[in-house]
Amino acid sequence: MENYQPKEIEKKWQQKWEDSRLYKDYGRAKKFYALNMFPYPSGAGLHVGHPKGNIATDVVARFKMLSGYSVLHPMGWDAFGLPAENYAIKNKVHPSIAVAENIATFKKQLEAFGFTYDWDREIDTTDPQYYKWTQWIFLKLFEKGLAYESNEPVNWCPSCKTVLSNEDLEDGLCERCGTQVVQKRLRQWVLKMTAYADRLLVDLDSEDLDWEDSIIAQQKNWIGKSEGAIVKFSIFNSQFSNKSQNPNDQNFIEVFTTRVDTIFGCTYCVVAPEHKIIEQLKAQISNYDEVEAYLIASQNKTILERTELQKEKTGVKLQGVEVVNPFNNETVPLFVADYVLGGYGTGAVMAVPAHDERDFEFAKKYDLEIKKSVAPYIELTGAFSPRLDKETTRRNTVTAIIKHPNENKYLLLKWQDSLGFVGGGIESDEKSEEAIMREIKEETGYKNFHIENVIIEHLYGHGYKARKEKNNFDHDTVFFVKFDDLEKESIADTETHEIIWVNEDEMDGIVNLDHHLYMWSRLKNEEAVFIKDGILINSESYSGLTSVEAREKMTAWLEENKLGKKKVNFKMRDWIFSRQRYWGEPIPIVHCEKCGAVGVPEEQLPVRLPEVENYEPTGTGESPLANIEQWVNTTCPKCGGPAKRETNTMPQWAGSSWYYLRYIDPKNDKKLIDQQLEKDWMPVDLYVGGAEHATRHLLYARFWHKFLFDLGVVTTIEPFKKLMHVGLILAQDGRKMSKRWNNVINPDEVIGQFGADSMRLYEMFMGPFSQSIAWSTNGVVGTRKFLEKVWKLSSQINTEEGRINTETQNNKKIQTLLHKTIKKVTGDIENFRFNTAISQLMILVNSLEKEYAKSATTKTHMRKEDYEKLLLILSPFAPHIAEELWQKLGNEQSIFLQTWPVADEKYLKDEEIEMVVQVNGKVRERLMVSPDVTEDEIKETALESEKVKIFTAGKEIKKVIFVPEKLINIVVS
RNA sequence: GCCCAAGUGGUGGAAUUGGUAUACACGCACGACUCAAAAUCGUGUGGCGCAAGCCAUGGGAGUUCGAGUCUCCCCUUGGGCACCA
């Protein structure tokens, strides 16, 4: 038999598969839609990391075809946008020409892998027949009021000379070029993505969605839902010295807070520099000059400066202005400070320095009052957890942490079940200081001590006290007490508890009451700001409520009195949708002096991108299209009067927000997608791509999909059922592959040297699919060797003299292994565990080789049907070699038109298994036994074993644990 | 700071429900073939120990007959968010 020559057979089969339209049978009963995130055809071509995701969908696609599915597996090009345009500018070619060249390169590179793409469905976002429908979606958004013009300040990249969306920023820098972004007031088209915020969030938990946790978490984080309340603070007018709240008062600010329960601790309020109240109160602000200087200074800061880590907070008090807290009618000062964001919530906050770190920092700096209104609440755990079936006593208590007079030790009381500090209830008419003095004397007998300080003034502890068979809900004050000497009197009840002295460093391991541990930690580190939920204090009638209860009641009170309301806020912003660049879809709008912004009528779509001489960005905030008068000047579709075309273009992400739909019906010139075809194919069953798209492409696409759902264009609420993210392939040096490091490996070279099948196999074998792993060319050598073995094995089928096909012991073992492999490979492909599928294939091939090719004594030959099964389960990974060997066996039909083998249960059980004998959990002996062995049988054999006897001799057998087909564990004393 | 994921040989990594830790592959060492090298094939390969055996899954506790796997605390790395009130 000739040698394995991947170069020849791969080319041959790729051609035959294409000619025979092998992948294009869409008439089967079951469907599967496998999709890769389509690439930008950049000028650099592919490196070995790019095809990893494509290989994975191809493996699944071929597996599904063999399992009787019609498989839609398309590919296309996301060719609009900055990278393509910048490449064109740099290389002085028109973007459309550069894009065409790059697409050709990419396509050629991808074809060398033998993917099952149906190139009849290829799409290109820059094709007018495609972007016609991108524009159509925009028009629909415009019609529904979801696309609007805005003049708010936006992110402007001075280098790319365009506006960017929030999603396009990385730490305040342009995601493309790393330039610092500045805020610029420009007219922009904006899509009202926030209208879908709640659905985008809620549907992430839908059962139709099988996404990795990390991506779901990232999206949830980005959407950033927070539930809180809006509270009106009236502006206090000193002329009338009227502090009472009037819901009809027009002079107020609204603050947004998620912690209305802390409002009795509010000691000032802050507005963002952008807040319009500053202008409104100009006359009333006595230091307006100072305020204005601050506003100008903060306007000039870049996003980076405003959000810089560890930045010291700054602000200016609005002298002469005070606002009124509606809950207690107290006035507090008002500040302007840029640590409050203008674009979130109401742009104004109430500041509670005792319970918010940022407010605390600001209050410290400007010497503002800090007022506590929430006390920590500790619920005890374990045996001390509060019991629902027992009654609860609420009481005021005191606790003392007592220090030894001359050693570094602390006093603890050891009760029957608990170990903690000294303390007890406060009796009526007793001050807390008196109570703690009394408790110490009663419980310890020591006479001479003094209170050093109060560690915690308010602390709530809630736990079950077994001694009294009830729950205690204690409102505690905690003292730090020092003994002056050890003089003591005898005490009455020495029976119930004893006094022990414990070293400072042993305390954490000994004290077993959660609230006492908390006290101990507070003795050592003072906690300045308590930001968690707790129990309200100093809050008038709300005192004693939990934070959760208080938020409910206080919000209800606000709504009743029209002084505020419940409010949900999202971090996610609307999508800034226009770019001042040439290479994008023209926004299909004309501006008419009479009618304003008017949508281009559907029948006039597409609005084609005009040919231009100079497509470099202007930098003026206008797109290069603005210079083409004959294109810009048009007539208004509504009134027929003179009008100008919108010259901004759409962002990169427009075309990719719906492309998965177009593959289903790529040539339809009447509709975006045929309704029946949409029902047949949607949703995408498997979507594979990079995790970097978690908060952009995947968010935008879900947004558009939901909009199209509302329009009735699609019938699924989510576009992508299962999402897998591809782990990066790093260079051999562990860094990212990049021209800059000169460590890029080109797939063409790898395929040239080892063949596409070896490379496919290696990339799937490297490790878990979603994980980043460094490339190793030696690894490809390994998978190539494996394929060589498979190749050579085919010569062992023929019957040689003296080798017959009978059911020998060895043959049964091979059958078992084969069927186990079928089972494992099937399950592993379905669960994206390609690495273990391949390792199992290697185990099988190694065994076959040992059994048939290397053993001189073997009496059987390899059965053709067994080898064929091997080829079938290998074929999704290494399609060319599988097809070649398949046809060499005399089969005329393609291997991919066969049926995926099913593991036969009757072969899955081993004849004989190794059973482990443990003594006290340690392996002492291994026995070969039948898998059906009973506990008594194996126990008898095990106890006779010399190795076991060493460890059981003279000892009593306390217990025997028997796990069928695994082990027996003998527990001895 | 917050959220997510992950820490296992020299390396990439295996280990269905808690049940033989290190499968598979790379690398390395030795051997065969060869004048020689490459390729190929064979043998070995967690650490300590002559051995019986002991110790090993980032560290520390816990639950269990038994923990890489479950619980708690801590450390490290990668990714995301970050003054979002």
query = For Met554(A) and Phe264(A), what are the C-alpha separation, side-chain angles and deciding distance, and is it a side-chain contact (heavy atoms from CB on, under 4.5 Å)?
reply = CA-CA 11 Å; Met554(A) 292 167 118; Phe264(A) 283 89; 3.6 Å; yes

Pairs under 3.5 angstrom, nitrogen or oxygen only, protein versus nucleotides 21-28 of chain B, please.
from, atom 1, to, atom 2, distance (Å)
A25(B), OP1, Asn846(A), ND2, 3.1
G27(B), OP1, Asn778(A), OD1, 3.3

inquiry  = Taking the P atom in each of C24(B) and G44(B), what is the distance between them to the nearest angstrom?
reply    = 12 Å

query = Which dot-bracket string fits RNA chain B when only Watson-Crick or G-U wobble pairs with both atom distances under 3.5 Å count, crossing pairs get [ ], and | stands for a partner on a different strand?
reply = (((((((..(((......[....)))((((((.......))))))(((....)))..(((((..]....))))))))))))....

Sub-3.5 Å pairs of nitrogen or oxygen atoms, protein against nucleotides 74-77 of chain B:
none

inquiry  = Could you tell me how far U40(B) sits from A14(B) if I compare only their C1' atoms? Round to whole Å.
reply    = 28 Å

Distances under 3.5 Å between nitrogen or oxygen atoms of protein and nucleotides 48-56 of chain B:
from, atom 1, to, atom 2, distance (Å)
C54(B), OP1, Arg924(A), NH2, 3.3
C54(B), OP2, Arg924(A), NH1, 3.3
C55(B), OP2, Lys922(A), NZ, 3.0

ask   = Excluding sequence neighbours, so at least two apart, what forms ring-ring contact (aromatic ring centres under 6.0 Å, His included) with His516(A)?
value = Phe421(A)

task = For residues Phe530(A) and Asp533(A), report the shortest heavy-atom separation together with the two atoms involved.
result = CZ-O, 3.6 Å

key: Check: Gly228(A) main-chain N/O paired with Thr258(A) side-chain donor or acceptor under 3.5 Å   = no

key: Set of ring-ring contact (aromatic ring centres under 6.0 Å, His included) partners for Tyr268(A), sequence neighbours left out   = Phe335(A), Phe362(A)

ask   = Parallel, tilted or perpendicular for Trp775(A) and Tyr762(A), by the 30°/60° rule?
value = perpendicular

task = Give every residue pair that meets the side-chain hydrogen bond (donor to acceptor under 3.5 Å, both in side chains) criterion with at least one member in residues 919-931 of chain A, sequence neighbours excluded.
result = Glu925(A)-Ser945(A)

query = With a 4.0 Å cut-off on heavy atoms, is Ile773(A) in touch with a base, just the backbone sugar-phosphate, or nothing at all?
reply = sugar-phosphate

message = When the P atoms of A32(B) and A38(B) are compared, how many Å lie between them, rounded to an integer?
response = 14 Å

key: Pairwise P distance for G1(B) and G12(B), with rounding to whole Å   = 28 Å

message = So, using side chain to side chain contact (heavy atoms under 4.5 Å, CB included) as the criterion, who are the partners of Ala837(A) when residues are at least two apart?
response = Val825(A), Asp828(A), Phe877(A)

inquiry  = Need the glycosidic conformation of G13(B): syn if within 90° of 0, anti if not. Which one?
reply    = anti

message = I'd like to check the side chain to side chain contact (heavy atoms under 4.5 Å, CB included) partners of Lys7(A); sequence neighbours left out, ordered by chain and number.
response = none

inquiry  = Using every non-hydrogen atom in the two residues, find where Asn325(A) and Cys266(A) come nearest and quote the distance to one decimal.
reply    = ND2-CB, 4.2 Å

message = Suppose you measure atom C1' in G79(B) against the same atom in G10(B); what distance do you get, rounded to whole Å?
response = 27 Å

key: Nearest-angstrom distance, P atom, G46(B) to A51(B)   = 14 Å

message = Suppose you measure atom C1' in A67(B) against the same atom in C72(B); what distance do you get, rounded to whole Å?
response = 15 Å

Sidechain N-carboxylate O distance under 4.0 Å for Lys365(A), Glu361(A) = no

message = Please compare Thr257(A) and Lys823(A) by the position of their nearest nucleotide in RNA chain B and report the one closer to 5'.
response = Lys823(A)

task = Could I get the full list of side chain to side chain contact (heavy atoms under 4.5 Å, CB included) partners for Leu209(A), not counting sequence neighbours?
result = Leu204(A), Trp211(A), Glu718(A)

remark   = Regarding the side chain of Lys966(A), the nearest nucleotide among G19(B), A85(B), C81(B) is G19(B)

task = Just call it for Val349(A): base, sugar-phosphate, or nothing, with non-hydrogen atoms closer than 4.0 Å on any strand.
result = base

message = Holding to side chain to side chain contact (heavy atoms under 4.5 Å, CB included), I want the full list of residues that pass it with His693(A), two or more places apart in sequence or in another chain.
response = Met37(A), Trp653(A), His697(A)

message = Give me the atom names and distance for the closest heavy-atom approach of Ser298(A) to Asp338(A).
response = CB-OD2, 3.7 Å

query = Can you tell me how far P in U22(B) sits from the matching atom in A56(B), rounded to whole Å?
reply = 16 Å

Return the polar atom pairs (N/O with N/O) between nucleotides 1-6 of chain B and the protein under 3.5 Å, or none.
none

